[in-house]
Amino acid sequence: MAGFMQRVMPLAMLLILMPACGPSNEGAVTGQADSKKPEVALIMKSLANEFFSTMAQGAKKHQSEHSDQYDLIVNGIKNETDLGQQVALIEQMVAKKVSAIVIAPADSKAVVPALKRAEKAGVVVINIDNQLDAEVLKKAGVTIPFVGPDNRKGARLVGDALVARLEKGDQVAIIEGVQTAFNAQQRKLGFEDALGKGGMKIVSSQSAQWEMEKANRIAAAMISENTALKALLCANDSMALGAVAAVKAAGKSGKILVVGFDNISAIQSMIKDGRVLATADQHGGQLAVYGIEEALGRLSAGKNGAGNRETPVDLITADSLK
Amino acid sequence: MIKVLKSYSGLAVFSVLLVAFFSFKSEHFFSAGTLISLLNQIPALTVIAVGMTFVLIIAGIDLSVGSVLALAGSVIGVAIVDWGWSLAAAVGLALLVGALCGTVNGAITVKWAIPSFIVTLGMLEIARGGAYLVTGSSTKYIGNSVEGVATPIGVLGLSPAFVIAVLVVVFGQLVLSKTIWGRYALAIGAGESVVVYSGINPRTVKIGVFAMSGMLSGLGALFYASRLGSADPNAGIGLELQAIAAVVIGGTSLMGGRGSVVRSFIGVLIIAILETGLAQIGASEPTKRLITGFVIVIAVVADVYRVRLAAKGEKKLEIRS
C-alpha cells in the first residue's frame with residue numbers, strides 16, 4: 001500500500017500542480033488558439049427560464065455568424081438555485097480544457113471557489129448577468145471581470161417612470177426576487193432609490209421568488225391589506241404578470257399601477273394597453289454575446305483579470321414600443 | 001351525521017384559530033374581500049388534493065402533479081394561442097394529457113410493481129420537460145379567452161373555478177364513501193393482499209386512481225391558467241408537496257386505507273389561510289417558511305391524538321374517518 005502511494009503521489013501532485021503554473025499555461029492557451037479555434041463554455045442558470053433561453057439563443061446565433069473564430073458549448077442548470085449542478089458544470093468544463101468560461105452564476109458567492117480553480121487552470125473566466133460578490137472575490141484573492149448591466153440603475157429608471165405618475169406620499173409595495181440573489185437586491189435598491197426620491201410610502205416589500213403564481217398571491221394579499229395601495233413594483237416581468245392578474249381580480253384595474261423588469265415577450269401587450277406601466281430591457285439576447293466578445297478579446301490579447309464592462313439597460317414604456 | 005361533523009371539528013377549530021390570529025395581527029384580514037380572494041386562489045390546489053387523497057388512500061403517492069399541471073397548462077396555452085383552438089377544445093386536450101400522464105404512472109406502477117414514488121418522480125421530470133418543449137420555455141400570454149373561468153361572478157364574487165372545485169370535492173367524497181369503487185380503494189390501502197384473496201383485481205382500481213389524479217391536475221391547469229391569464233411552463237413547482245401537506249393535514253394516512261376528501265379540502269383551506277395571512281401581515285421569507293413548517297407538523301400531530309381519542313371512544317377500528 002505504502003509503495004503504491006509513493007509511486008502514485010508524485011504523479012498526482014504533478015497533475016494537480018501542472019495547471020497552476022500560471023504564465024506558461026496562459027501561453028499554452030494562446031498557442032492553442034493559434035493552432036485551432038478557442039472553445040468558449042457558456043454556463044447559464046435555468047434554460048427553462050425565458051430570459052436565459054433568449055440569452056443562450058443570442059449566443060448561439062453569434063457563434064454561427066462567427067464560427068470561424070470560436071466554438072461554443074452551452075449548458076444550463078435545472079433549477080435557478082441548483083448550485084451543486086453549476087459547480088459540477090464548471091469543473092467539467094475545466095476538465096474539458098475549454099479556453100474560456102462565460103458564466104451567469106446561480107449564486108453570487110458560492111461559485112467563486114470553483115471559478116478560482118478554473119482561472120488557476122488557465123481558463124479565462126467572464127461573469128455575466130448576476131455579479132459575483134466583491135467581498136468574496138477579494139477574500140478569495142481572485143479578479144473576475146463582470147460584463148453586464150447595472151440592475152440598480154435599470155430599476156431606478158423604471159421606478160422614476162412610475163413616480164412620475166404618482167403623488168407624493170402615495171402607498172406602494174415591492175415584490176422582490178430571490179432575496180439571496182445579487183440582481184434581486186440591486187433591483188430592490190433601485191426601486192427604493194426612485195421611491196425615496198419621489199417621497200412615496202413603501203407599505204410592504206416581500207419576496208415572490210421570481211415566480212408568477214407566488215407573486216399573484218402576495219400581490220392579492222398586499223392589495224387586501226393596503227386599501228390605498230397605488231402601485232406594485234415587481235423585480236421581474238413574470239411576477240408583474242401575476243400582479244396584474246391580482247389587480248384585475250381585486251377590481252382595481254387602472255387604480256393600481258404595475259411595473260416589471262426584463263421586457264419578456266408576454267409583457268409587451270400589457271405595456272401597450274397600459275396594464276403594465278413600464279419595464280426595463282437589459283438586452284437579454286445580447287448579454288451572453290457581450291461576455292463572449294470580452295472573453296475572445298482577452299484570449300487574443302492573452303490577459304486575464306480586472307476590468308468590468310457595463311452594458312446598456314433601457315426603459316420600456318408604451319411610448320417606446322410604438 | 002353528528003359523527004361526521006365531529007370528525008371535521010378538530011380541523012375546523014384549528015382553521016378558526018388561524019383566522020382569529022391573522023385577524024388580530026392584520027388590519028384587513030377579516031374581511032369579505034380577503035376571504036373571496038383567498039377562495040378564488042385555491043381551486044387548482046383543491047382539485048389536485050382530491051386526486052392526491054385517493055392516491056394516498058391506496059398507499060401510493062403522486063409526485064408528478066405539479067409538472068403535469070404545467071404540461072397541461074402549456075398545452076392549453078399553445079392550443080389557444082398558436083393553433084387558434086377554442087377554450088373547450090384546448091381544455092379537453094389538457095384533461096386528456098393529464099389523464100394520459102396519470103394512466104402511464106398507474107400502469108407502470110402496477111405492471112412492474114414499482115413504488116409509485118419513483119415512477120411519479122420520473123413523470124415529474126418528463127412532464128416538466130414536456131412543458132418546456134411545448135412552450136419553447138417561454139410564458140404564453142393567453143388573455144381574455146381563458147380568464148372567464150377565474151373571473152368572479154354573482155353576488156358572492158366567487159369564480160366558476162371555485163364552484164367547480166367544490167363540486168369536485170363533493171363528488172370525490174361521494175365516490176369515496178358511497179361507491180364500491182371507493183370501498184375498493186380504501187380496502188387496497190388497508191391491505192392489498194386481502195383484496196386479491198377476495199377475488200377482486202386491484203390493478204384497474206389503482207390505475208384508475210392515478211389516471212384520476214392526472215386528469216385533476218389537468219383541470220387544475222385550467223384554473224391556474226385562467227387565474228393568471230397565462231400558461232407558465234414553470235407553474236406548479238413544489239405543488240405536489242403542498243397537495244400532500246394539505247391531504248395529510250386533513251388526516252389521510254400516508255400508509256393508505258384511511259382518508260377523507262372533505263377533510264383534505266379543509267387542509268387546503270388551512271394552507272391558504274396561512275399563506276395569505278402571512279403575506280398580509282408582511283412576514284419575512286424565513287418567518288413564512290418556519291411558521292408554515294411548524295403548522296403542518298402541529299396539525300398532523302394533533303390529528304394523531306384525535307384519531308386515538310376517537311378509537312378509544314368507540315373501541316373499534318375505523319376504516320373511514
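The model shown is predicted, which means the values in this text are computed figures rather than measured ones.
No other option in B:E27, B:E147, B:R227 has as many heavy-atom pairs under 4.5 Å with chain A as B:R227. Heavy-atom pairs under 4.5 Å with chain B peak, among A:A245, A:S207, A:A221, at A:A221. When B:I281, B:L278, B:T139 are compared by the number of non-hydrogen pairs under 4.5 Å with chain A, B:T139 comes out ahead. In terms of heavy-atom pairs under 4.5 Å with chain B, the best-connected choice from A:M222, A:Q179, A:R275 is A:R275. Contact tally against chain B (heavy-atom pairs below 4.5 Å) for A:S238, A:S224, A:A246: the top residue is A:S224. Between chain A and the residues B:G129, B:G143, B:S284, B:G282, the most heavy-atom pairs under 4.5 angstrom are made by B:G282.
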*Can you check side chain to side chain contact (heavy atoms under 4.5 Å, CB included) on B:I36 and B:F162, steps first, answer last?*
CA-CA 10 Å; B:I36 288 163; B:F162 177 75; over 6 Å; no
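For B:T34, the parts lying near chain A are the backbone and the side chain together; criterion is any non-hydrogen pair under 4.5 Å. Proximity to chain A (any heavy atom under 4.5 Å) is restricted, for B:A283, to the backbone atoms N, CA, C and O. Contact annotation for A:I267: neither backbone nor side-chain heavy atoms come within less than 4.5 Å of a heavy atom of chain B. Of the two parts of A:S269, only the side chain, counted from C-beta on, holds a non-hydrogen atom closer than 4.5 Å to a non-hydrogen atom of chain B.
Looking at B:T287 and B:E285, their side chains never bring a donor and an acceptor atom within 3.5 Å of each other.
B:V19 and B:F30 make their closest contact through CG1-CD1, 4.0 Å (heavy atoms, listed as atom of the first residue, atom of the second, distance).
Atom NZ of A:K61 has 12 or fewer heavy atoms from other residues, nucleotides or ligands within 6.0 Å.
Applying the salt bridge (charged side-chain N to carboxylate O under 4.0 Å, His left out) test between A:E176 and each of A:R187, A:K214, A:K188 identifies A:K188 as the sole match. When each of B:Q280, B:Q41, B:Q242 is paired with B:E275, the side-chain hydrogen bond (donor to acceptor under 3.5 Å, both in side chains) condition holds for B:Q242 and for no other.
Inter-residue side-chain proximity for A:L72 and A:L42 is flagged as met; some heavy-atom pair is nearer than 4.5 Å.
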